[in-house]
Amino acid sequence: MNSLIRILSLTMLLLFSAALFGHVAAQDLGSGAPIIEPNFGDDPTTFNPIIANDGTSYDVINRMFPDFIGVDSETIAYMGGAKGGLVSSWDIAEDGVTYTFHLRDDMVWSDGAPITAHDVAWFLKATLSGETTSPRQQLQDSVASYEVLDDHTLNIVFNEANCTLIDTLNPVYPVPAHVYEEVYGDDYAGMDENDYNLNPTVSGGEAFVFSNFRPGEQTTLLANEDYTQAEMGAVVPQGWVYKVVTDQVVQMEQFFAGELTFVDSVPQANRDDVRTRGQAGEFQTFETPAGTIRFLSLNTADPSNPQDGLDADGNAIDQGHHPILGDVRVRQALNYGMNFDEVNEGAFFGTGVPVASHVRPTDWSFPAGLEPYPFDADAAMALLDEAGFTDADGDGVRECNGCMHAEDGAPLALTVKTNAGNTSQEALYTILQDQWNELGFDITVEFVEFGTLVSEFTAQTYDAIGVFWGLATPANPNGIADIFLPGADVVGSGYNTQSFNNPRLNELIEEARNLPGCDLETRKAMYGEAYQILRDESPWIWISTGNVLLAAQTNVENWAPRAGGARWNIDAWTIEEQ
Amino acid sequence: MIKYIARRLLQSIPIFFGITIFSYLLISLAPGSPVEILAFNNRLKPREREELKYILGTNDPLPVQYLRWLIGDDWMRWDSDGDGLADSAVFFIDLYAPQLNDSGKPAIDEDTGDVLLRPLPAGNQRGILRGDFGNSVYYKRAALDVLVERLPATLELGTTSLLVGLIMGVAIGIIAAINRGGWFDQSSRVGAVIVNSVPNFGLGLLLILVFGVTLGIFPLAGRCKTTIDDSCPPLPSRLEYLVLPTIVLAAGGVAGYSRYMRASMLDVVSQDYIRTARSKGLNERSIWLRHGTRNAFIPIATFIGPSITFLLSGAAVVESVFSWPGVGRLIVQAPGRRDFTVVMLVVVYAAIANILGYLISDILYVMIDPRIRFD
Amino acid sequence: MTDRKTVAKMKDHDSTLVSDSLMRKALRSIWRDKLTVIALAVIFCLTIVSMLAPFITDVLMRVDPNEPNTADKFTPPLSKGYILGADDIGRDQLARLLHASGVSMGIGFFGSSLALCIGLVFGMVAGYFGGAVDDLCSWIVITIDSIPGLILLILISSILSFNATSLILVAGMIGWIGTYRLIRGQTLSIRSKEYVTAAQALGASPWRIIFIHILPNLISVTVISLALGIAGLILAESALSYLGLGVQPPQATLGNMLTKSIQFFRLGPHLIIFPIFLISLVVLCFYIIGDGIRDAFDPALQK
């Protein structure tokens with residue numbers, strides 16, 4: 001009876017709000033309550049997109065500066081004229097390296113000045129100087145020159161033609177050149193120390209403009225009165241508050257209490273609860289593949305003698321072999337020995353998605369036929385037997401009896417390290433340790449402070465290290481595939497720390513990047529083959545990409561997240577007083 | 001008095017250097033560099049990480065880094081002809097850095113086989129002895145600014161909990177001593193200790209769940225109501241936000257002060273002069289309050305010093321639970337990021353807070369105990 | 001010469017007699033203090049049980065405290081054969097608690113004992129010899145003491161990821177300051193007592209005086225700071241765990257079990273209740289013991 005009443009009243013509410021919808025179209029600027037979003041972590045460090053380097057800063061920058069090239073929230077691809085992007089279209093010249101970008105002419109900064117090609121040029125000028133402290137090497141390497149043709153047309157000439165040039169422009173934003181010129185001048189190296197970074201006077205082109213920053217507390221933006229792309233004709237919420245919350249339990253309780261408008265990643269421990277209450281109408285929820293990938297990196301080379309992948313002349317250097325993981329059959333055995341269902345249940349609350357590569361189902365290069373390793377303990381044991389690791393002394397741990405790279409009698413023992421202080425990593429590797437030990441491994445799991453972990457990772461002195469990485473949206477397939485090239489095997493600073501080198505893979509990755517004409521289907525096939533090699537050779541164990549659960553209060557109207565972005569229509573979110 | 005304070009401050013100079021060297025050694029023993037952590041991003045290339053090491057100076061030997069932190073590097077490498085490039089350097093400092101190739105290795109001239117060099121910029125740090133605490137590699141600005149911005153919140157919470165802890169602790173201690181063996185004594189002894197034996201964060205979360213979530217009496221966390229304003233309203237209009245964190249922080253003080261107050265009250269009243277007072281026929285209340293309390297305060301003064309230090313340097317755990325924007329959070333995050341300037345600044349700050357704490361403690365001694373004088 | 005020795009011996013005998021009777025008096029007074037007796041009993045039982053933890057879990061319960069069993073996650077107490085329920089990946093909570101309380105109490109006990117020993121030695125030496133030795137000790141002490149303990153622990157945690165052993169060593173090395181101050185002060189005052197002066201006059205070596213005459217008089221102070229030290233260290237361990245810097249799994253401690261469970265408070269309240277109860281109980285008992293001993297040894301209160 002009770003639930004009937006609830007459903008009835010919910011329907012009434014929905015009908016009522018639907019009736020309101022047409023009415024809302026005539027919203028006044030900033031008439032709705034502000035959106036309050038939690039920032040679980042630390043302060044943003046700068047609001048200057050030229051030097052921004054951390055996710056939190058970009059979270060704010062993306063609310064108050066337009067992207068150079070927008071991403072369509074439905075197709076998750078760069079698109080001229082996409083909402084939130086300055087570029088309305090672009091042409092590629094015959095030579096394949098000269099791109100002409102046509103810009104929208106209806107965007108203005110908060111001081112009234114139009115957003116023009118000069119504003120993009122200023123960003124490029126500062127970044128290409130090479131003097132700024134923030135790493136932008138991809139951009140610096142790919143762009144040869146640029147030229148402002150008129151206020152709304154910009155030419156960019158690249159060094160060489162390939163299929164990922166638009167991707168390299170990802171960090172580019174228009175910046176208010178007339179203000180930046182005055183504030184920063186040409187002292188690009190000293191940009192970090194300028195007080196303006198955290199007190200910007202001019203922003204614009206997005207739904208909000210900067211208002212204030214309270215260290216340790218919150219960053220506040222206000223509705224942009226000059227925003228021309230508003231769904232409702234004007235930006236509805238009065239502002240957007242990015243509020244620092246330093247305890248995850250408290251964060252969720254604040255959301256339940258209605259103090260937060262929306263949470264863009266519900267912690268795993270709260271998922272079931274939020275999902276159930278969402279179905280009961282207490283919240284609005286949305287699930288989408290996460291932007292992170294969890295993996296276990298396996299060192300294939302000799303950990304006692306780390307070597308760069310290539311010498312000064314570009315010839316491969318002998319890497320030696322990891323006594324155990326140097327044999328591909330052992331790496332495959334680890335894959336077969338992972339019972340993903342158990343891992344998923346125990347560590348991810350059933351929200352994990354098994355993966356065979358670092359591409360998500362929503363990415364264009366996702367290969368249809370690529371299957372994750374099935375759980376098959378017998379296959380795993382057969383592979384270990386074949387590799388010469390058998391348990392001759394009957395102590396439950398296999399030793400080397402005629403294996404390829406280890407000394408005879410050496411136990412099949414590995415140390416798996418991962419970052420401390422993360423519950424799901426703890427659960428994951430505790431379960432995996434148990435599963436692998438049943439195959440006859442002797443796995444030691446160590447949870448290590450993050451800085452120490454990273455330094456061992458880049459020093460290439462480990463057996464296996466588990467971390468997770470964020471994936472770019474839209475995904476650039478080369479973004480992660482490039483890691484497996486021998487050129488990225490640089491002790492101390494490269495990320496091919498597993499010292500993987502497969503000639504066919506190297507060839508495929510370069511070909512797919514440089515394919516003349518950039519035919520998407522052909523490239524997709526090439527990447528598909530590359531991913532298959534990576535899956536079979538297994539320099540990483542791709543463990544899971546999770547789903548994220550987004551939740552908003554029921555009184556947020558027009559909350560309609562998409563896989564391509566939760567906040568694509570944030571200007572239309574209407575928070576009804578309850 | 002002033003002479004005494006001056007002498008105490010002079011004495012703390014060698015201690016100060018001890019602290020800085022000790023903590024610099026500690027933090028530099030930590031494996032990994034800020035570069036590896038800041039640039040833990042698969043979209044970056046090896047060369048970018050190597051470049052960053054030169055920009056941040058993490059390639060330099062440890063003593064050089066310490067010297068740079070202490071007295072700056074503008075005298076280490078400078079530009080004598082004003083062309084914007086450094087052209088002179090002291091003997092232990094490199095004037096040039098190798099140019100790097102794509103894999104972050106020194107680039108080599110094809111013809112001569114020599115390493116290609118490029119000039120390094122002139123030093124621009126002045127060092128902490130000249131008031132320059134350096135820039136935080138994470139926050140990208142002066143470490144001192146980052147700390148100072150967070151001071152008001154820490155002071156607000158620290159002072160409140162010190163006062164609450166002191167007043168309640170002393171009151172409970174006195175009553176318990178007068179009432180020795182009675183129900184108040186027993187229950188306060190146990191009660192104060194029980195509150196104090198629950199871990200801080202557990203108590204904090206418990207209070208949030210009970211008084212914030214379930215009963216809805218107090219706000220869950222934060223320093224004031226979330227609005228679009230550029231600052232919190234004045235303290236009197238947001239006292240409710242202080243209640244829960246203050247309870248958690250003051251709990252330790254109440255338990256400690258009440259125990260010490262009780263013990264020293266009992267100690268004092270067994271002294272001869274109290275017996276004399278009693279035999280002179282003074283009434284009990286005036287014996288306890290006039291003669292007992294004043295002298296019983298002496299040991300309390302000893303514990304105020306450390307409390308002041310503790311509260312000034314921010315309560316990392318309580319600030320984390322209540323999302324309180326104070327300095328305590330800084331020290332939790334900075335070592336993990338190898339953000340040396342912030343770590344060192346917080347250590348120096350805590351050391352100063354400590355020296356201040358003991359100084360205040362000593363001054364209180366003199367104010368309470370007429371027998372002690374500064375000489 | 002013989003005379004001197006005899007006198008000294010007699011003196012020794014005397015002071016032992018004095019502390020013996022003081023000891024007896026104190027013990028009697030503790031025995032009368034029911035609260036302290038209960039606290040002692042609780043700690044005694046917990047110590048025995050946690051020392052027997054491997055035996056209890058392996059032989060009696062036949063469970064591996066680190067073995068996950070995801071099908072049983074968040075099993076509430078008293079069901080499916082789990083007496084205290086199962087945790088987020090289906091490990092037996094009772095088994096883990098048994099091991100964890102042993103580790104936590106061990107960290108507390110050995111950490112503060114180490115701190116106590118260092119503090120005792122330095123304190124007595126500095127207090128007895130005074131002069132340059134005292135100055136040097138004081139400089140070291142003030143230097144270490146000027147950095148708040150938690151900050152030091154956080155700094156050190158970025159050098160080594162803590163396990164039980166390293167936490168004990170580190171806690172010992174930074175936790176001795178309080179004891180040092182106390183002992184130094186006490187030694188200073190005892191040094192000026194008549195019987196010490198007498199022993200000195202009779203030519204007893206400094207070490208002999210320290211160990212025979214001074215040490216016995218420091219027992220109460222020592223035991224109190226040991227009790228409070230254990231309590232403080234158990235709380236510090238859980239605070240470090242909350243900040244993600246404490247003893248790392250799979251080694252279970254009460255602190256990391258509690259920290260980890262807090263996020264699950266809606267799914268498995270039993271995962272919070274038991275660890276937080278145990279931490280509080282242990283800490284509470286040590287506080288009470290410390291208090292009780294202080295009262296018992298306080299001659300002023302022995303009327």
Side-chain angles (χ1 to χ4, degrees), chain A residues 40 246-253 256 266-274 276-277 339-350 352 416-435 437-438 443-456, chain C residues 63-75 86-92 96 153-167 170 239-253 255-269 271-272 276:
Chain A
F40 179 60
T246 47
D247 186 283
Q248 227 167 9
V249 174
V250 176
Q251 173 191 313
M252 286 317 291
E253 290 307 322
F256 296 147
V266 175
Q268 283 175 344
N270 298 91
R271 293 249 179 113
D272 283 341
D273 186 30
V274 171
T276 328
R277 290 166 73 177
N339 181 348
F340 186 81
D341 291 339
E342 200 184 56
V343 163
N344 195 15
E345 195 51 41
F348 310 137
F349 289 79
V416 175
K417 298 190 179 184
T418 186
N419 52 315
N422 181 305
T423 322
S424 53
Q425 292 286 82
E426 271 172 30
L428 168 66
Y429 287 100
T430 313
I431 296 170
L432 281 179
Q433 176 187 34
D434 189 52
Q435 294 177 353
N437 282 353
E438 270 171 31
I443 305 278
T444 311
V445 178
E446 282 179 25
F447 299 91
V448 185
E449 189 257 349
F450 186 69
T452 313
L453 187 76
V454 175
S455 100
E456 277 191 51
Chain C
V63 289
D64 178 349
N66 291 326
E67 163 125 24
N69 187 0
T70 49
D72 292 346
K73 63 176 186 172
F74 298 119
T75 306
D87 74 357
D88 62 312
I89 52 175
R91 293 175 290 197
D92 187 293
R96 285 181 72 70
L153 280 174
I154 292 172
L155 276 186
I156 296 172
S157 73
S158 57
I159 301 174
L160 34 99
S161 300
F162 280 128
N163 56 31
T165 322
S166 58
L167 188 55
V170 170
L240 270 184
S241 285
Y242 173 75
L243 299 173
L245 309 167
V247 173
Q248 291 304 325
Q251 178 71 277
T253 67
N256 69 24
M257 285 181 71
L258 172 62
T259 303
K260 190 180 149 149
S261 315
I262 278 182
Q263 54 179 310
F264 303 125
F265 78 95
R266 282 170 188 274
L267 294 169
L271 297 177
I272 304 179
I276 205 169

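Here is how names work: the chains are called A, B, and so on, in the same order as the sequence lines, proteins then strands, and each is numbered from 1.
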Under 3.5 Å: donor-acceptor pair, side chain of C:Lys73, backbone of A:Phe349: no
Would you give the length of the straight line joining atom OG1 of A:Thr423 to atom CG of C:Asp88, rounded to the nearest 0.5 angstrom? 7.5 Å
Residue set satisfying side-chain hydrogen bond (donor to acceptor under 3.5 Å, both in side chains) with C:Gln248, at least two apart, ordered chain then number -> none
Salt bridge (Lys or Arg N to Asp or Glu O under 4.0 Å) between C:Arg266 and A:Glu253, worked out: CA-CA 11 Å; C:Arg266 282 170 188 274; A:Glu253 290 307 322; 2.7 Å; yes
With a 4.5 angstrom heavy-atom cut-off, is it the side chain or the backbone of C:Tyr242 that approaches chain A, or both, or neither? side chain
Top contributor to chain C contacts, counting heavy-atom pairs under 4.5 Å, from A:Asp247, A:Asp272, A:Asn437, A:Asp341: A:Asp247
C:Ser157: which residues meet the side-chain hydrogen bond (donor to acceptor under 3.5 Å, both in side chains) condition with it, sequence neighbours left out? none
If you round to the nearest 0.5 Å, how far is CD1 of C:Ile89 from CG of A:Asp434? 8.5 Å
Using non-hydrogen atoms and a 4.5 Å limit, figure out which bit of C:Ile262 sits close to chain A: side chain, backbone, both or neither. both
Under a 4.5 Å cutoff for heavy-atom pairs, which residue among C:Gly244, C:Ser158, C:Ala71 has the most contacts with chain A? C:Ser158
Do you know which two heavy atoms are closest between A:Thr430 and C:Asn66, and how far apart they sit? CG2-O, 4.2 Å
At a 4.5 Å cut-off on heavy atoms, which part of C:Asn256 comes close to chain A: side chain, backbone, both, or neither? neither
Heavy-atom side-chain proximity of C:Glu67 to A:Gln433 below 4.5 angstrom: no
So which atom in C:Thr70 and which in A:Gly346 form the shortest heavy-atom distance, rounded to 0.1 Å? CG2-CA, 3.4 Å
For A:Val448, is it the side chain, the backbone, both, or neither that has a heavy atom closer than 4.5 Å to a heavy atom of chain C? both
Taking all non-hydrogen atoms of both residues into account, name the closest pair between A:Ala269 and C:Leu267 and its distance. O-CD1, 3.2 Å
Side chain, backbone, both or neither: which part of A:Glu345 has an atom under 4.5 Å from a heavy atom of chain C? both
